[in-house]
Amino acid sequence: MNFRETLKSIGIIPVIQINDAEKAVPLALALKKGGLPAAEVTFRTDAAEEAIRRIKIEVPDVCVCAGTVLNVKTAERAVKAGASAIISPGTNPEVVRWCIAHRVPVIPGCATPTEVEACMRMGLDFVKLFPAEVVGGVKMLKALGGPYGNMKFMPTGGIRAQNAAQYLALPNVLCCGGSWMVPGGLLDAGDFDAIEALAREAAQIVKK
């Protein structure tokens, strides 16, 4: 199963802001047990790089990606730590070209047709719609599906348990990114049983 097929099979990719790398492995195990063996670890904290490294080494069957990658230096650090893909909130051509040159899957963020076309010109056919709910959500994706029939999306931003199924039902949506199954309070408290339960509920949405 290649990277894209893996994301499609998982369906909902947990977006994580982790403050303590010590919690990375038990978090990954909780997500895996709950049926979501994936994590987008965002480079919004100093713990991100080490968290990715620990998950890759100790829970290798969890698909760990690096999120909020804003420059090539961060992309290099993330890949060296073991990230399977680079994900960003916007489209930075330098990051995209570096990833393509190094054969690293990259999912840049787009919010407009112009940005989608910019990614297409660089050879991509899979991008992130961000911030999904703010820029039109399901309606936006339906509209983009007309002119860009070959483009697949990972909507992220405002996705939650109440609307995830609507996104996943769209033919141009490969998977969704969401953070509701890993609330900061539960993660900081180390309540991995509660996170596992939330992941299991999210996984059930994918199966419906």
Side-chain angles (χ1 to χ4, degrees), residues 2-17 38-45 48 52 63-79 83-160 163-180 206:
N2 63 30
F3 172 72
R4 189 176 298 198
E5 291 170 341
T6 297
L7 291 190
K8 184 176 181 180
S9 68
I10 298 169
I12 297 174
I13 312 304
V15 179
I16 298 154
Q17 181 171 314
E40 176 188 335
V41 178
T42 61
F43 269 78
R44 298 180 184 180
T45 70
I52 290 171
C63 179
V64 59
C65 306
T68 319
V69 176
L70 306 180
N71 52 60
V72 171
K73 183 178 180 180
T74 303
E76 291 174 337
R77 289 170 53 204
V79 171
S84 297
I86 298 299
I87 304 174
S88 58
T91 298
N92 183 328
E94 291 181 358
V95 171
V96 173
R97 294 190 185 104
W98 183 88
C99 288
I100 291 173
H102 291 82
R103 299 190 176 186
V104 176
V106 59
I107 312 171
C110 297
T112 67
T114 299
E115 292 166 329
V116 172
E117 290 188 20
C119 289
M120 291 172 64
R121 287 194 296 273
M122 288 186 283
L124 301 183
D125 60 1
F126 178 34
V127 298
K128 176 167 78 168
L129 181 70
F130 181 83
E133 281 287 282
V134 174
V135 300
V138 169
K139 289 183 179 179
M140 178 66 157
L141 286 162
K142 287 180 177 179
L144 292 172
Y148 310 120
N150 292 325
M151 182 63 76
K152 298 296 183 184
F153 294 88
M154 181 174 75
T156 306
I159 313 298
R160 53 195 190 280
N163 62 8
Q166 299 173 38
Y167 282 93
L168 291 171
L170 299 175
N172 58 345
V173 168
L174 193 74
C175 60
C176 292
S179 59
W180 79 89
V206 178

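Every heavy atom of this structure was used, including side-chain atoms; hydrogens, water molecules and symmetry mates were not. Treat the numbers as computed from the prediction; the structure is a model and nothing was measured.
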Minimum heavy-atom separation for [X] to [Y], with atom names?
{"X": "Ala85", "Y": "Val104", "value": "CA-CG1, 4.4 Å"}
{"X": "Ile52", "Y": "Ala66", "value": "CD1-CB, 3.8 Å"}
{"X": "Leu129", "Y": "Ala111", "value": "CD1-CA, 4.4 Å"}
{"X": "Ala75", "Y": "Val69", "value": "N-CG1, 3.6 Å"}
{"X": "Pro113", "Y": "Met140", "value": "CD-CE, 4.3 Å"}

Within-4.5 Å side-chain heavy-atom neighbours: [X] and [Y]:
{"X": "His102", "Y": "Val79", "result": "no"}
{"X": "Cys119", "Y": "Cys110", "result": "yes"}
{"X": "Ser88", "Y": "Val95", "result": "no"}
{"X": "Val127", "Y": "Phe153", "result": "yes"}
{"X": "Val138", "Y": "Val173", "result": "no"}
{"X": "Ile107", "Y": "Pro105", "result": "no"}
{"X": "Ile100", "Y": "Leu124", "result": "yes"}
{"X": "Glu94", "Y": "Asn71", "result": "no"}

Subject >> Chi angles and distances behind the side-chain contact (heavy atoms from CB on, under 4.5 Å) call for Leu70, Asn92 >> reply: CA-CA 7 Å; Leu70 306 180; Asn92 183 328; 5.9 Å; no
Subject >> Other residues, nucleotides, ligands: >12 heavy atoms within 6.0 Å of Glu5 CD >> reply: yes
**OP:** Could you tell me whether Asn150 atom CG has more than 12 heavy atoms of other residues or ligands within 6.0 Å of it?
**Re:**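 Counting other residues, nucleotides and ligands, CG of Asn150 stays at 12 neighbours or fewer.
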Point-to-point distance, once rounded to the nearest 0.5 Å, from [atom1] of [X] to [atom2] of [Y]:
{"X": "Lys139", "Y": "Leu170", "atom1": "NZ", "atom2": "CG", "value": "13.0 Å"}
{"X": "Thr42", "Y": "Gln17", "atom1": "OG1", "atom2": "CD", "value": "5.0 Å"}
{"X": "Met151", "Y": "Glu117", "atom1": "CE", "atom2": "CD", "value": "9.0 Å"}
{"X": "Cys65", "Y": "Ile86", "atom1": "SG", "atom2": "CD1", "value": "8.5 Å"}
{"X": "Ser84", "Y": "Glu40", "atom1": "OG", "atom2": "CD", "value": "12.5 Å"}
{"X": "Cys176", "Y": "Lys128", "atom1": "SG", "atom2": "NZ", "value": "12.0 Å"}

Subject >> All salt bridge (charged side-chain N to carboxylate O under 4.0 Å, His left out) counterparts of Arg4, not counting sequence neighbours >> reply: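 Arg4: salt bridge (charged side-chain N to carboxylate O under 4.0 Å, His left out) contacts with Asp125.
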Subject >> Residue list, salt bridge (charged side-chain N to carboxylate O under 4.0 Å, His left out) with Arg160, at least two apart or on another chain >> reply: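 Residues passing salt bridge (charged side-chain N to carboxylate O under 4.0 Å, His left out) with Arg160: Glu133.
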**OP:** Test Asn172 against Tyr148 for side-chain contact (heavy atoms from CB on, under 4.5 Å), laying out the working first.
**Re:** CA-CA 9 Å; Asn172 58 345; Tyr148 310 120; over 6 Å; no
Subject >> Check: Asn163 main-chain N/O paired with Gln166 side-chain donor or acceptor under 3.5 Å >> reply: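 Flag not set: sc Gln166 to bb Asn163 has no pair under 3.5 Å.
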Subject >> Ser179 (side chain) donor-acceptor with Ile16 (main chain) under 3.5 angstrom >> reply: no
**OP:** Kindly state each residue pair satisfying ring-ring contact (aromatic ring centres under 6.0 Å, His included) with at least one member in residues 108-134, sequence neighbours excluded.
**Re:** none
Original post:
side-chain contact (heavy atoms from CB on, under 4.5 Å) between Lys8 and Cys175: does it pass, once the steps are laid out?
Top reply: CA-CA 5 Å; Lys8 184 176 181 180; Cys175 60; 5.9 Å; no
Subject >> Verdict with supporting geometry, Thr156 and Ile87, side-chain contact (heavy atoms from CB on, under 4.5 Å) >> reply: CA-CA 11 Å; Thr156 306; Ile87 304 174; over 6 Å; no
